[in-house]
Amino acid sequence: MQLVQAFQKIDKNQVQKFTTGLGAPIVVLALMGMVILPMPSILLDTLFSFNIALSLVIILVCVFTKRPVDFGIFPLVLLVATVLRLALNVASTRIVLLEGHEGGDAAGKVIQAFGEVVIGGNYVVGVVVFAILLIINFKVVTAGAGRISEVSARFTLDAMPGKQMAIDADLNAGYIDQDQARKRREEITAEADFYGSMDGASKFVKGDAIAGLFIMLINIVGGLFIGMYQHSLSFNNAMEVYTVLTIGDGLVAQIPSLLLSVATAIIVTRENDSQIMGDEIRDQLANRQALYITAVILFIMGVVPGMPHFAFLSFAAIVGGYAFYRDWNKKKLEEDAAKLEALPEKTTPLSETKELGWEDVQPVDIIGLEVGYRLIPMVDKSQGGELLTRIKGMRKKLSQELGFLVPPVHIRDNLDFAPNEYKISLLGVTFGEAQVNHDSELAINPGQVFGELEGTATKDPAFGLDAVWIKNGQREHAQTLGYTVVDGPTVIATHLSQLLTNNAYQLLGHEEVQQLLDMLEKTHPKLVEGLVPDVLSLSLVVKVLQTLLYESVPIRDMRTIVQTLSEYGPKTQDPDVLVSALRISLKRLIVQEISGGQQEIPVITLAPELEQMLHKSLQAGGDDGAGIEPSLAEKLQQSLSDASSQQELAGEPSVLLTSGMLRPVLSKFLKQAVAGLHVLSYQEIPDDKQIKIVSSVGQ
């Protein structure tokens with residue numbers, strides 16, 4: 001009674017935790033037992049049947065798997081199946097040598113069936129069949145699969161850096177988020193691990209084929225010795241008994257081995273696309289011209305005297321009929337599509353024509369994207385277009401970085417454009433245009449590549465880098481050489497993202513600023529209360545925020561911005577003074593955007609004599625830089641451009657550090673002349689940051 005109560009107190013979860021993970025140790029112990037302990041024939045029959053069933057399941061899973069990586073445990077399953085078969089070989093060898101002299105089913109029904117039924121009890125036929133299977137397995141299937149595994153593993157590992165760069169590029173451009181990037185990195189890692197494991201797993205199959213040959217020879221020689229010297233059998237009798245059993249044993253093991261070798265070859269020769277193998281074969285082999293020519297050749301062979309007419313003519317009819325069906329089906333689909341395109345559009349009767357009104361005057365799109373007719377499939381989701389999804393991700397990322405909601409992009413087609421052309425406009429003005437090959441991919445040279453690609457040379461429209469339009473099948477090769485490969489939608493979305501980032505100040509208007517103030521008021525009502533219009537007008541706030549965006553300062557920290565405006569607004573209405581005050585308040589954010597978390601900031605400075613000269617020019621010519629002499633302005637731009645280029649080559653940000661009075665003037669003066677140069681004042685360096693002067697212009 002106490003024992004029953006003790007068992008009732010055991011928690012089911014504890015039992016489950018105890019039993020979880022026992023499968024692998026049990027399998028290992030079973031394999032060791034098969035090798036060490038003698039096995040009854042009925043258990044051996046069961047395990048041989050299980051081995052054949054397991055091999056059939058594995059090869060069928062390889063056929064129906066859409067992508068090789070989806071069957072990621074295949075190398076492990078291959079190892080377990082190979083070890084199981086070798087253990088069965090050891091167990092069957094023991095029982096054949098011990099009980100084989102009794103003949104019949106002494107070694108089990110399965111071995112008897114393969115020895116008598118499959119090869120008709122003729123050991124000569126059995127040896128020939130076994131040798132053929134061994135040659136096919138070892139020299140054809142296993143050798144080819146092993147070579148493909150080696151090449152696939154090498155190219156997959158070589159292409160990993162390029163694929164990682166492509167993921168980083170998509171993440172930085174906003175097309176994917178962190179979770180999607182993490183998932184894609186895991187897929188790349190799983191693919192590399194899979195092909196690396198397959199490279200080693202193919203050696204299991206090769207070794208198994210060699211082991212089958214040696215086991216057969218050992219069984220025949222050992223059987224002859226045991227039969228003749230221990231059981232007093234004649235040479236012919238011993239040869240017949242033990243050879244038939246050995247060949248039966250070898251066929252029982254060699255057929256599953258051949259199935260696994262074929263499964264290995266199938267899995268390593270598959271393309272990494274989400275498609276069932278049968279669909280791939282049907283789509284790629286069903287070429288109508290090839291089928292028609294084949295049908296004609298079969299017909300000619302069928303009418304030649306002496307040939308088997310029925311077989312050749314039947315297959316000629318089948319192949320020709322299938323080719324005709326494919327041709328007819330394609331024409332029918334094209335006719336249906338033409339009928340849909342020819343349907344007349346609904347028109348409004350003349351009697352119902354309305355007078356023109358203000359609603360007929362279309363407002364200017366804040367952000368517009370016009371595409372040629374060949375780029376329409378990129379926009380149409382029904383045709384698999386991904387451009388809308390990319391643009392949505394880009395808008396989300398930019399909105400988070402800049403601090404306000406980026407307006408939607410109005411996309412329309414334009415038949416006046418070249419087929420592959422697109423144009424990007426802001427407030428009705430074209431800011432960027434380029435051409436995209438809709439059926440190709442763009443391989444961008446990031447600065448260091450290890451070879452050249454065949455294709456159409458061009459420039460990346462977003463950053464002006466050297467690039468090549470390549471065919472879709474060259475992606476992995478290009479990534480192996482160090483190129484960053486992107487598709488057409490990514491090229492357009494990246495170009496759009498770059499233009500919006502550089503012109504973000506034009507996207508911010510009164511409505512957007514009011515929305516930002518309303519959102520801040522929900523959490524900080526006292527802070528926003530009375531700012532607009534008591535302290536500052538809404539137009540002035542808009543101008544100040546636009547100036548910050550023009551100087552590449554995000555407006556995410558609206559709390560600090562409004563707090564600073566409330567503090568300095570009663571003292572001055574000068575937007576430049578307010579912007580300078582805001583930059584000092586946002587100095588940590590500004591420096592973080594420029595140099596990240598570095599403790600030491602590399603800066604470029606101006607010589608004291610040059611700064612004094614610029615101060616005098618500023619006093620003489622105003623705050624727009626008009627007082628700077630042309631020769632001095634040209635030398636200043638050239639010197640700062642050289643210093644900025646050196647910083648970029650060193651992988652460090654280029655920062656010009658100057659006085660607070662010169663900073664606004666130099667910022668406007670150098671924005672277009674020296675791309676990528678950040679102009680900071682001494683007051684905008686946080687107290688906990690150190691500066692390192694890397695260059696002094698004017699000395």
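In this text, all values refer to a predicted model and were calculated from it rather than measured experimentally. Reckoned from all heavy atoms, side chains included, excluding hydrogens, waters and symmetry mates.
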Heavy-atom closest pair, residues Arg583 and Val679: NH2-O, 3.3 Å

Return the NE2 to OG distance between His678 and Ser595, rounded to the nearest 0.5 Å. 9.5 Å

Short side-chain to backbone donor-acceptor contact, Lys689 and Gln598, under 3.5 Å: yes

Value for CZ (Phe431) from CG (Asn502), rounded to nearest 0.5 Å, stands at 10.0 Å

Taking it one step at a time, do Val579 and Val544 satisfy side chain to side chain contact (heavy atoms under 4.5 Å, CB included)? CA-CA 6 Å; Val579 169; Val544 170; 3.9 Å; yes

For the CG atom of Asp487 and the CD atom of Glu386, what is their distance to the nearest 0.5 Å? 6.0 Å

Tell me, yes or no, whether the heavy-atom count around Lys423 atom NZ, taken from other residues, nucleotides or ligands under 6.0 Å, exceeds 12. yes

Look at atom CD of Glu634 and say whether more than 12 heavy atoms of other residues, nucleotides or ligands are closer to it than 6.0 Å. no

Flag for Asp642-Gln646: side-chain donor and acceptor within less than 3.5 Å: no

Donor-acceptor pair, Ser641 side chain versus Gln637 backbone, under 3.5 Å? no

Let's go through His495 and Tyr422 carefully: what are the C-alpha distance in whole Å and the side-chain angles of both, what is the deciding distance for side chain to side chain contact (heavy atoms under 4.5 Å, CB included) to 0.1 Å, and is it a yes or a no? CA-CA 11 Å; His495 193 187; Tyr422 71 90; 2.8 Å; yes

Please find the pair of heavy atoms, one from Leu610 and one from Val697, that lie closest to each other, and give the distance. CD2-O, 3.7 Å

Distance in Å, Leu582 CG paired with Thr547 OG1, rounded so as to fall on 0.5 Å steps: 10.0 Å

Does any part of the side chain of Leu388, heavy atoms only, come nearer than 4.5 Å to the side chain of Ile411, both counted from C-beta? yes

Distance-only, no hydrogens or angles: does the Thr480 side chain make a donor-acceptor pair with backbone N or O of Glu476 under 3.5 Å? yes

Glu401 side chain to Pro554 backbone, donor-acceptor under 3.5 Å: no

Any non-hydrogen side-chain atom of Val371 less than 4.5 Å from a side-chain atom of Phe417? no

Any heavy-atom pair between the side chains of Leu606 and Leu656 that's under 4.5 Å? yes

Can you check whether Met394 reaches Arg390 side chain to side chain, under 4.5 Å on heavy atoms? no

Checking the side chain of Thr494 only, and the main-chain atoms of Thr490 only, is there a donor and an acceptor separated by less than 3.5 Å? yes

Let me have the donor-acceptor pairs involving side chains of residues 450-461, under 3.5 Å, with sequence neighbours excluded, atom names and distances please.
unit_1 : atom_1 : unit_2 : atom_2 : d
Lys459 : NZ     : Asp466 : OD1    : 2.4
Asp460 : OD1    : Ala462 : N      : 3.4
Asp460 : OD2    : Phe463 : N      : 3.2

Taking the side chain as every heavy atom from C-beta outward, state whether Thr605 and Ile691 have any pair of such atoms under 4.5 Å apart. no

Report yes if the side chains of Ile366 and Leu427 come closer than 4.5 Å at any heavy-atom pair, otherwise no. yes

Got a sec: does the CD of Glu511 have more than 12 other heavy atoms crowding it under 6.0 Å? no

Do the side chains of Tyr483 and Ile444 get nearer than 4.5 Å, heavy atoms only? no

Donor-acceptor pair, distance only, cut-off 3.5 Å: does the side chain of Gln647 make one with the backbone of Pro653? yes

Interatomic spacing from CD in Glu593 to CD1 in Ile590 - rounded to 0.5 Å: 9.5 Å

What is the minimum heavy-atom distance between Arg556 and Gln400, and which atoms define it? CD-O, 2.9 Å

Side chain to side chain contact (heavy atoms under 4.5 Å, CB included) between Val541 and Ile561, intermediate numbers included: CA-CA 10 Å; Val541 176; Ile561 291 173; over 6 Å; no

So, the side chain of Arg395 versus the backbone of Val406: is there a donor-acceptor pair under 3.5 Å, distance only? yes

Between Leu657 and Tyr682, does the side chain to side chain contact (heavy atoms under 4.5 Å, CB included) criterion hold? Intermediate values first, please. CA-CA 6 Å; Leu657 190 62; Tyr682 297 109; 3.7 Å; yes

Do the non-hydrogen side-chain atoms of Glu512 and Leu545 ever get within less than 4.5 Å of each other? no

Atom pair OG (Ser659) and CG (Leu666), whose distance is rounded to the nearest 0.5 Å: 8.0 Å

Minimum heavy-atom distance between Ile470 and Ala478, given as atom pair plus value: CD1-CB, 3.8 Å

Of Asp688, Thr560, Asp557, the one forming a side chain to side chain donor-acceptor pair (under 3.5 Å) with Arg588 is Asp688

Pick from Leu402, Leu426, Leu398: which one makes a side chain to side chain contact (heavy atoms under 4.5 Å, CB included) with Leu507? Leu426

Not counting sequence neighbours, which residues clear salt bridge (Lys or Arg N to Asp or Glu O under 4.0 Å) with Asp416? List them please. none

Which heavy atom of Thr658 sits nearest to which heavy atom of Glu611, and what is that distance? OG1-OE2, 3.3 Å

Looking only at non-hydrogen atoms, find the nearest pair between Lys668 and Asp576 and report the distance. NZ-OD1, 4.3 Å

